[in-house]
Amino acid sequence: MMTTTRKTLKRGALAAAAMLFMSVAVAGGYATAATTTSGEAVAAEQAEGLGSLVADYKTRSAGRYTGASWAPFAKALKTAASVAADASATVPEVAAAKTALMTTAGNLEAADEGTFQTITNNTFWNDTSGNPIYSQGGGVFKFGDTYYWYGVHYLGAESYRANPTRKYDNQVSFVSIPVYSSRDLVNWKFENRVATRSTPINNGATLGQAGWVGRLGVSYNENTGKYVLATQAYVGGGHGVLFLQGDSPTDTFDYAYFQTQVVNSPTTGTGDQTVFTDEDGKDYLIFSNREGRSRAFVSKFRESDSLRIEPGAEIGRNSSGREGNAMFKLDGKYYHAASDLHGWNTSVNYVMESSSVQSGYSGEYVLAGTEMDYSHVTQTGFFVTVKGTKQNTVIYAGDRWADFAWNGIGYNQWVPITRTGARPQFHSMTQWQFNVTTGEWRVGPANNYILNPNFQADRIVVSQVRGWTNTGGGVTNVSPGANGSRFALQLGSGSAGVRQQITVPAGTYKLSTYAKTAGSVSGAQLSVTDASGATRTLSIPSSSGWTKRESAEFQLAAGAATVTIRTNSGTLTVDDLALVKTSGDDPPPVGQRYEAETAPAVCQGTIDTNHAGFTGTGFCNGSNAVGAYAQFTATASAAGTATLGVRFANGGSAARTANLIVNGSTVATVSFENTGGWTAWSTKNLTVSLNAGSNTIQLSPTAADGLPNIDHLNVGSA
Ligand code: GCU
Ligand code: CA
């Protein structure tokens, strides 16, 4: 009976049903003229939404996906195309076609391994057209095979971006809700403004008249085929959750409902809120109560149409209050995260965990890694869970705009979260790379290994700076810092110092800082001690104004390292510290590997195996003498530029120098720095010209200590 009605119910007939349904939906909120659209128009708009999705999905090509995942998608796309073109299709038919298309597209499995894309924090992000991304307090939601990022464009975001060297208090005047799309979570294409100041809302008002709009999320409703946006709003003297909806993820959204009270919450409206979609497609509003914000709730979106928030399940209390409430799921567990209360100020993340979404949560604990720099100088924004072919990775998307701004550059600071043992771990990085296909991530080549290097995390003057341990003397942060930043670190006289423990991979690094001094300084320095106990020091001479100081390159062994800043006397002020890798034991450029122990390679010395970590069956321990060379014979398919990667270890007391001789000509002098030990292998990248066919590549030492130990040569095209 239901099936037949559905099949025969055409657009005209549906008009009456839609109006009847909408006119009764008034309890607990506002119903307005916006809901009286005729059923005919509703179906037409929905078909149009489906049509725009079909047009987008037609650009996917079969070759990029596994056959097993492509077949159901191709079938759903074909059905969706005919439903979208059928003027007599009913609303339920359109919704069913859309849901099938979303589901099968969401299940598309890439046939390749994907690529790593770079995410750089502490910058203002742009969309793929080079325009600013303005997207505060929003969320990223996956519909079909595409991620959509919704958030709020506030006027203050423009001011801060134009001049980030001051604070802009309370500039939260609403401009619009933009939506961006991406398939790799790194490159974002601007699609539309789903709502603007002129979007009509309840009581004949427009969104521009709302006292506050923010903290929003979008869910897809399988029954109506609508994309429902739920945002916090203060409208006409009432706090509540405002619902807008559209027929495609990038549609211009229309007003649907304004709900002032969520049952079980002690106050109207919500404290902070985000939308969480579980693996089964069910959507939840994650929020704290508006006043006091001491109670955390997880509420279901009404299943029939997602236009109501059902009674809240209280999952935890904290008398200090929490905001920035958001949820992620990792390896079957639910994690509720929240920040301290203070309006987008930076904060650690407080986590509660449970194996069921609405109950049974643990007590609160601090998410490991967020304590070092207040979550990379952000407040909890939202999470994106990526199910890769190799691993699941959760992206923490932090909001940096503390009341409002001057806490560093950029609004969006994203870092990965993975599980270390039983608990999740936050990986604070200034740059990282992410492969959305496999779910894998790795540290970016320009990452700064020092945490809270700009001393911005605290926001207020303190005598113990976040992430740093005082080792004596007077320590404080002072404002302003170098380069227009808000804070710098000041060490007073009397053997003052701080230190920080970090973890680094083996490689070649550089240490730098902006510094200025006062009084007669002695022993002012920045240094790093690696896991082997070796210390590299950047001495800081006196200067009354900000001066950039930079060390020469040095090697660090893999493992724990300690960064120390100190002065014996005088005042030292530092800011913008950086410990950045200049090269290292990265995977060599793809190419041919030639082992030093394998003929036709020549080793003027012995082939040894006593220092672990070499590739192949040994390494070349050249005699300690001028000219005691290691030589490789490499084949190039064509004449041209090639990248050489020389893998070496130098546990001697100083750098060792060698001439690089290609086909008999000396083309460069190469310095092989101390790597921190004979088992600490590192790769030196060099660029040379090779002939087509066979080439001899010789490393000939220029001093009596000879070569470092040489493991292999990698030859790749540049
Ligand atoms: C040590 C070390 C050798 C290395 C040599 C050197 O003997 O064990 O592997 O080649 O020093 O200084 O060259
Ligand atoms: Ca040697």
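When a ligand or atom number is given, it counts from 1 through the structure's own listing order. All heavy atoms count here, side chains included; hydrogens, waters and symmetry mates do not.
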Any nitrogen or oxygen of H611, main chain or side chain, under 3.5 Å from a nitrogen or oxygen of ligand 1?
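Between H611 and ligand 1, an N or O pair is found under 3.5 Å apart.
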Does any N/O atom on D705 come nearer than 3.5 Å to any N/O atom on ligand 1?
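No.
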Among W432, F426, W125, find the one that has a ring pair (Phe, Tyr, Trp, His ring centres under 6.0 Å) with W414.
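Exactly one option meets the ring pair (Phe, Tyr, Trp, His ring centres under 6.0 Å) with W414, and it is W125.
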With heavy atoms of N621 as the reference, note each atom of ligand 1 found under 4.0 Å away.
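The atoms of ligand 1 under 4.0 Å from a heavy atom of N621 are 3 (C), 9 (O), 10 (O).
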Atoms in ligand 1 flagged as close to N709, the criterion being non-hydrogen separation under 4.0 Å:
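That gives atoms 3 (C), 4 (C), 9 (O), 10 (O) of ligand 1.
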Under 4.0 Å, heavy-atom basis, I'd like to know which part of N624 is in contact with ligand 1: side chain, backbone, both or neither.
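It is the side chain that gets close, since no backbone atom is under 4.0 Å.
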I need the minimum non-hydrogen distance between N483 and D576, along with the two atoms involved.
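Closest approach of N483 to D576, heavy atoms only: ND2-OD2, 2.7 Å.
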Y449 ring center near Y509 ring center (under 6.0 Å):
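Ring centres of Y509 and Y449 closer than 6.0 Å.
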Using the ring centroid of each side chain, check whether F648 and F672 are separated by less than 6.0 Å.
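Yes, they do, as the ring centres are separated by less than 6.0 Å.
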Pairs of donor and acceptor atoms involving the side chains of residues 461-470, under 3.5 Å and at least two apart or interchain, shall be tabulated with distances.
unit_1, atom_1, unit_2, atom_2, d
R466, NH1, E371, O, 2.9
W468, NE1, N452, O, 3.3
N470, ND2, S463, O, 2.8

